[in-house]
Amino acid sequence: MNSKELIVNTLSNVVPDDIAKEQIEKLIEKPKSSDLGDYAFPTFILAKSLHKAPNMIAKDLVAEINQDGFEKIVNTGAYVNFFLDKGEFSNDILHTVLKEQADYGDQNQGKGGNVPIDMSSPNIAKPMSMGHLRSTVIGNSIAKIISKLGYSPIKINHLGDWGTQFGKLIVGYKKWGSEAEVEEDPINNLLKYYVRFHKEAEEKPELDDEARAWFKKMEDGDKDALALWTWFRKLSLSEFQKVYDRLGVEFDSYNGEAFYNDKMDDVIKTIQEKGLLEESRGAEIVDLSAQDLSPALIRKTDGATLYITRDLAAAIYRKNTYNFVKSLYVVGSEQSEHFKKLKAVLKMMGYDWSDDIHHIEFGLITTNGKKLSTRKGRVILLENVLNDAVDLAKKQIEEKNPGLENKDQVAEDVGVGAVIFHDLKNERRDNFDFNLEEVVRFEGETGPYVQYTNARALSILRKVGDVDYASADSMSLSDPEAWDTIKLIQEFPEIVSRAGEKYEPSVIAKYSLKLAKSFNQYYAHSKILTEDDGLNARLALVKSVSIVLQMSLNLLGVNAPEEM
RNA sequence: GUCGCAGUGGCUCAGCUGGAUAGAGCAACGGUCUUCUAAACCGUAGGUCAUGAGUUCGAAUCUCAUCUGCGGCACCA
């Protein structure tokens with residue numbers, strides 16, 4: 001019986017019969033402050049039926065209640081406050097964590113079901129920006145979280161490797177570029193052509209016609225055009241790979257837009273067969289006015305397909321290939337309309353599984369309050385941000401721990417970790433204005449703070465050497481200084497499932513900060529390494545904290561250096 | 001115009017399905033390293049939770065309206 005069940009049972013013996021156990025369980029809450037106990041039962045709802053003031057009810061309940069198994073049960077105002085037996089509780093939880101280790105918190109609500117996650121999806125020949133970072137790290141973290149909940153995530157990098165921008169790129173390259181230049185620094189030089197193209201096209205609209213012509217050649221299978229496309233794609237991909245390596249992200253599929261080129265005719269045919277395709281203003285659409293949405297443009301006036309056509313093909317392909325239980329798209333919230341349409345069209349096509357598609361939207365990153373724009377050259381290069389962060393981390397190490405052995409690796413872990421953590425710390429939907437100083441901050445509520453806490457815990461464990469605390473019979477720890485930390489460790493499984501249900505890595509990030517803070521407080525106020533009866537239990541606590549902190553960081557995709 | 005998202009101390013944000021005096025972190029000020037890593041810890045100061053109604057025993061949390069900001073709104077993705 002867990003502690004909550006114990007409380008429900010205890011209460012149900014003294015509360016009027018018309019209040020069901022489930023109802024009691026729903027009413028039980030956690031007080032804001034530990035001084036008020038570990039759980040509380042508000043008595044307001046009993047006031048009417050008992051014709052008594054809530055304060056009196058709480059007092060009477062406490063007088064009647066059986067206190068066995070608790071440290072104490074008292075009333076404060078209208079609340080009945082429960083204080084758990086610290087020794088027993090800590091003994092249970094610490095044993096569990098030390099036994100299960102990295103499996104602690106594992107759950108099986110997913111039952112192995114496949115969950116494709118559309119994430120990252122940078123555009124070929126453009127640098128990865130902070131926006132792509134968001135999609136990448138959020139998707140990666142969600143993959144790890146749902147994997148712990150028993151799902152099988154499939155990480156798909158839906159590369160932007162097709163479209164009219166390649167026509168522009170080819171024009172730009174032919175006019176202003178050279179092979180040597182591109183080989184030397186592919187992304188930046190390709191970007192240079194792209195930005196210049198847009199600048200010059202403002203004056204010379206005929207450039208746009210040229211670009212369209214080149215893209216048409218690509219679609220028609222022209223050898224020269226496709227050779228250039230293949231080359232750009234290959235160079236870009238290997239540049240992207242460098243960033244993914246640093247972020248520790250791997251993909252199960254790189255099927256991007258081009259992959260669906262030969263799969264769209266079938267989709268359009270099906271839409272037509274179901275009688276959904278209409279002509280409007282020279283284009284072919286699916287009318288969605290019944291769903292209060294603007295029409296889905298399936299084919300342009302010139303016969304070319306569009307974004308949604310491709311996404312329909314992709315959605316169907318993924319259902320056929322993976323037979324998913326859910327299909328996730330980690331894409332900015334400015335596209336929420338698009339996903340509503342996508343789901344609506346699928347539904348109209350008779351695919352009920354469209355309900356299993358979820359748009360995991362996130363807020364956009366701005367600079368000085370303005371949206372980033374590749375075309376205007378207003379980008380924040382992810383690589384620069386990572387480099388700056390790592391440099392700063394290196395500097396900190398030189399200052400604070402100059403004797404550290406693998407400084408460069410640790411600087412990489414800390415710098416990159418700070419950037420990832422910063423991105424995941426807040427709710428996904430929040431917009432944020434990019435501020436380098438804030439992103440690479442190492443103090444306070446940051447990734448490095450959590451990493452540092454873990455490193456200190458590990459340092460203690462290194463110091464004790466061969467004390468066999470892990471197999472000790474008793475890990476009973478009634479030290480009030482340690483109590484908040486113990487309770488937080490116990491909460492971890494609940495936190496993981498909440499993060500999974502909401503597709504919200506910030507739940508994990510916030511939790512890791514709370515646990516780190518709580519442990520740092522304990523650390524600052526208690527001497528852990530003293531020879532007394534409590535040593536085993538304290539070491540078990542330190543070990544448990546480090547296990548859970550490392551797991552939390554891991555779920556976020558952040559490394560946890562042993563020393564820093 | 002319309003739809004969506006948001007509005008909490010100087011700044012950045014927590015606040016779970018409504019509940020006990022609204023919490024953190026930065027920044028400011030003041031303390032704590034001969035003792036387990038001071039990337040830490042402790043303290044002080046700072047908020048009529050955008051505004052106005054409503055529901056409720058009880059609202060930052062739910063409903064409606066208003067204001068402000070951001071984003072989307074047919075041939076980009």
Side-chain angles (χ1 to χ4, degrees), chain A residues 26-27 29-33 36 40 42 44-45 47-48 53-54 76-79 81 121 123 158 160 162-165 257 280-285 292-308 310-311 331-338 340 361 363-364 366 369 371 375 393 396-397 399-401 404 414 418 422 425-427 429-433 435 437-438 441-446 448-453 455-464 494-495 498 502 506-507 510 513-514 516-517 520-530 538 542 563-564:
Chain A
K26 263 191 88 177
L27 285 167
E29 56 189 74
K30 285 177 196 159
K32 285 178 188 165
S33 153
L36 293 166
F44 302 102
I45 50 136
K48 262 187 190 155
T76 313
Y79 291 82
N81 292 343
S121 313
N123 295 319
H158 189 77
W162 202 253
T164 43
Q165 77 264 25
E257 295 175 359
S280 168
R281 300 184 213 171
E284 291 179 71
I285 63 154
D292 267 335
L293 293 165
S294 58
L297 265 174
I298 303 296
R299 229 200 270 270
K300 299 201 273 189
T301 325
D302 65 3
T305 54
L306 281 132
Y307 183 35
I308 194 158
R310 207 169 289 271
D311 259 8
V331 178
S333 51
E334 69 271 20
Q335 292 192 38
S336 64
E337 199 83 3
H338 165 75
K340 278 184 200 159
E361 55 187 328
L364 49 85
T366 55
K371 197 178 166 179
R375 295 183 195 186
Q396 297 255 342
I397 292 168
E399 227 172 81
K400 301 183 176 182
N401 199 355
L404 188 66
V414 172
H422 175 265
K425 178 175 70 166
N426 292 331
E427 266 187 61
R429 283 189 185 79
D430 288 357
N431 296 338
F432 71 83
D433 203 62
N435 176 327
E437 287 86 73
E438 216 163 274
R441 183 164 279 160
F442 299 146
E443 284 154 21
E445 297 176 324
T446 65
Y449 174 82
V450 179
Q451 291 173 318
Y452 177 69
T453 310
R456 285 167 109 192
L458 292 179
S459 171
I460 293 176
L461 297 175
R462 266 198 304 276
K463 200 146 283 186
V464 289
E494 215 177 296
I495 294 291
R498 205 166 96 215
K502 297 171 71 175
S506 70
V507 169
K510 297 252 169 56
L513 287 169
K514 240 165 118 180
K517 172 150 190 153
N520 276 326
Q521 287 170 329
Y522 173 64
Y523 180 102
H525 297 293
S526 307
K527 181 79 185 156
I528 292 158
L529 294 179
T530 37
R538 287 196 301 272
V542 174
E563 291 180 66
M564 61 187 272

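A note on names: the letters A, B, ... follow the listed sequences, proteins ahead of strands, and every chain is numbered from 1. Small disclaimer: the values here were computed from a predicted structure and weren't measured.
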Against A:Val464, only a single residue in A:Leu529, A:Val542, A:Ile528 fulfils side-chain contact (heavy atoms from CB on, under 4.5 Å); can you say which? A:Leu529

For B:C11, does the glycosidic angle fall within 90° of 0 (syn) or outside that (anti)? anti

Looking for any heavy atom pair under 4.0 Å, which part of the strands does A:Ile528 touch: base, sugar-phosphate only, or nothing? base

Suppose you measure atom P in B:C29 against the same atom in B:U68; what distance do you get, rounded to whole Å? 38 Å

Pairwise P distance, B:A14 and B:A50 [rounded to whole Å]: 14 Å

For nucleotides 5-13 of chain B, tabulate all protein N/O to nucleotide N/O atom pairs closer than 3.5 Å, reporting atom names and distance.
unit_1, atom_1, unit_2, atom_2, d
B:C13, O2', A:Asn426, OD1, 3.2

Does a nitrogen or oxygen in the side chain of [X] sit under 4.0 Å from OP1 or OP2 of [N]?
X	N	value
A:Tyr449	B:A38	no
A:Gln521	B:C42	yes
A:Lys32	B:G15	no
A:Lys400	B:A39	yes
A:Arg456	B:A38	yes
A:Tyr452	B:A39	yes

Note on RNA chain B: ranges paired as stems (three or more Watson-Crick/G-U pairs in a row, both atom distances under 3.5 Å) are B:1-7 with B:67-73, B:10-13 with B:23-26, B:28-32 with B:40-44, B:50-54 with B:62-66

